Number of protein chains: 2
Amino acid sequence: MLTDEYRYKILKLVQEKPDISQRELAKALGVSLGKTNFCLKALVEVGLLKVSNFRNSKNKLAYMYVLTPKGIEHKATVTINFLKHKIKEYEQLAHEIAELRNEVTDDLQE
Amino acid sequence: MLTDEYRYKILKLVQEKPDISQRELAKALGVSLGKTNFCLKALVEVGLLKVSNFRNSKNKLAYMYVLTPKGIEHKATVTINFLKHKIKEYEQLAHEIAELRNEVTDDLQE
DNA sequence: CATCATGCGTTCAAATAGTGAACGCAGTTT
DNA sequence: AAACTGCGTTCACTATTTGAACGCATGATG
């Protein structure tokens, strides 16, 4: 399933290292190869990524994943949304942590 | 799947409201009734929760979910671990947000 | 040149996880 | 007593994820 999180993370990783392999990507994302392959194809499908074959001595047959103009634009948008989301998450965490601290002391008193 | 997150959240919700229904729990957790039922049973299975029937006028046949001594102790531990985890997450978020801010400005320049 | 070893993307059967409609039960209401 | 409501339980179905296995292309080895 291609969630916003993966959309963002993949676009970022690909932009940083266009010759990244699907296996590297999978490891970086913490998901399986199959899922990574699925997500990449989905991104190509909707035109955010473009693949171009290339060869090099270390990676026998590999692709370059290139962000399309649409992909770059989308990444900016997605990044901003992600940022907003993260900031909200951050604030929520502050509350949660305070709450947890209370619970910890509560629990110890029981 | 009963992850630490659900273990913690369920113990917390149950402690706060022992006569909570599985449907309420499901809604609070944001998962299905089936999954909630599964998680509750798992917690009873490992001895963290105890069920005791009770009736009341509003809830026809309902259970009380009671944290066992083991459950209370476990909750303390789990809460502390969760707290540690959240604090780490919090710190990581601070970095991520800073990074995202840079990306946003980077993206705008491209 | 021929063989092997390595690393790539791809596939897909199997495993795992998650859903929610439907059921029987027991009180409450009409 | 019949209808209604809310409870936990079940489970067939769907969705999601995994990773071993494959074919292919290159580099290395004899």
Side-chain angles (χ1 to χ4, degrees), chain A residues 1-68 71, chain B residues 1-68 71 78 82:
Chain A
M1 199 195 202
L2 179 51
T3 60
D4 274 354
E5 182 183 351
Y6 289 117
R7 219 189 312 277
Y8 159 69
K9 286 185 177 174
I10 290 175
L11 289 179
K12 181 183 174 193
L13 287 165
V14 162
Q15 202 170 39
E16 287 172 2
K17 187 173 187 301
D19 62 330
I20 194 170
S21 76
Q22 295 188 5
R23 283 171 176 82
E24 288 177 290
L25 214 36
K27 185 169 284 185
L29 295 171
V31 299
S32 70
L33 178 59
K35 182 174 178 179
T36 301
N37 182 267
F38 175 83
C39 289
L40 274 175
K41 285 190 171 172
L43 288 174
V44 171
E45 185 70 28
V46 297
L48 299 185
L49 280 186
K50 216 181 52 176
V51 285
S52 65
N53 288 63
F54 89 109
R55 311 267 189 280
N56 78 29
S57 51
K58 307 215 47 141
N59 311 322
K60 319 308 169 182
L61 165 60
Y63 288 158
M64 292 280 285
Y65 297 98
V66 186
L67 271 73
T68 62
Chain B
M1 200 196 200
L2 179 50
T3 60
D4 273 355
E5 184 183 351
Y6 289 115
R7 219 189 311 277
Y8 159 70
K9 286 185 177 174
I10 290 176
L11 289 180
K12 182 183 174 192
L13 288 165
V14 163
Q15 202 170 40
E16 285 171 3
K17 186 172 187 303
D19 62 331
I20 193 171
S21 75
Q22 295 188 6
R23 283 173 175 80
E24 288 177 289
L25 214 36
K27 185 169 281 185
L29 294 171
V31 300
S32 70
L33 177 59
K35 181 174 178 178
T36 300
N37 182 267
F38 176 83
C39 289
L40 274 175
K41 285 190 172 172
L43 288 175
V44 171
E45 185 70 29
V46 297
L48 298 185
L49 279 186
K50 215 180 54 175
V51 285
S52 65
N53 287 64
F54 90 109
R55 312 266 189 282
N56 80 26
S57 53
K58 309 217 44 145
N59 311 323
K60 319 308 168 183
L61 165 61
Y63 289 157
M64 293 280 286
Y65 297 98
V66 186
L67 270 72
T68 63
V78 135
F82 211 66

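Every value quoted in this text rests on a predicted model; they were computed, and no experiment measured them. Here is how names work: the chains are called A, B, and so on, in the same order as the sequence lines, proteins then strands, and each is numbered from 1.
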Euclidean distance, atom [atom1] of residue [X] to atom [atom2] of [N] [Å, nearest integer]:
X	N	atom1	atom2	answer
A:Tyr6	D:dT17	OH	C1'	10 Å
A:Lys27	D:dT18	NZ	P	14 Å
A:Glu24	C:dG7	CD	C1'	11 Å
B:Phe38	C:dG18	CZ	P	9 Å
A:Met1	D:dT17	CE	P	7 Å

From [atom1] ([X]) to [atom2] ([Y]), nearest 0.5 Å:
X	Y	atom1	atom2	value
A:Ile10	A:Leu67	CD1	CG	11.0 Å
B:Leu48	B:Leu40	CG	CG	11.5 Å
B:Cys39	B:Leu29	SG	CG	7.5 Å

* **Closest contact, heavy atoms only, A:Gln22 versus A:Tyr65** =>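 What the structure gives for the nearest pair is NE2-OH, 3.0 Å.
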* By side-chain hydrogen bond (donor to acceptor under 3.5 Å, both in side chains), which residues pair with B:Tyr6, not counting sequence neighbours? ->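 In terms of side-chain hydrogen bond (donor to acceptor under 3.5 Å, both in side chains), with neighbours along the sequence ignored, B:Tyr6 is linked to no residue.
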* By side-chain hydrogen bond (donor to acceptor under 3.5 Å, both in side chains) - contacts of B:Lys35 (at least two apart) ->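 With sequence neighbours excluded, B:Lys35 shows a side-chain hydrogen bond (donor to acceptor under 3.5 Å, both in side chains) to no residue whatsoever.
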* For A:Lys35 and D:dT17, is the shortest distance between a side-chain N/O and OP1 or OP2 below 4.0 Å? ->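 A:Lys35 to D:dT17 OP1/OP2: side-chain N or O found under 4.0 Å.
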Review item, nucleotides 9-13 of chain C N/O atoms under 3.5 Å of protein N/O:
unit_1 : atom_1 : unit_2  : atom_2 : d
C:dG9  : OP2    : A:Gln22 : N      : 3.0
C:dG9  : N7     : A:Arg23 : NH1    : 2.8
C:dG9  : O6     : A:Arg23 : NH2    : 2.9
C:dT10 : OP2    : A:Gln22 : NE2    : 3.0
C:dT10 : OP2    : A:Asn37 : ND2    : 2.7
C:dT11 : OP2    : A:Lys41 : NZ     : 2.4

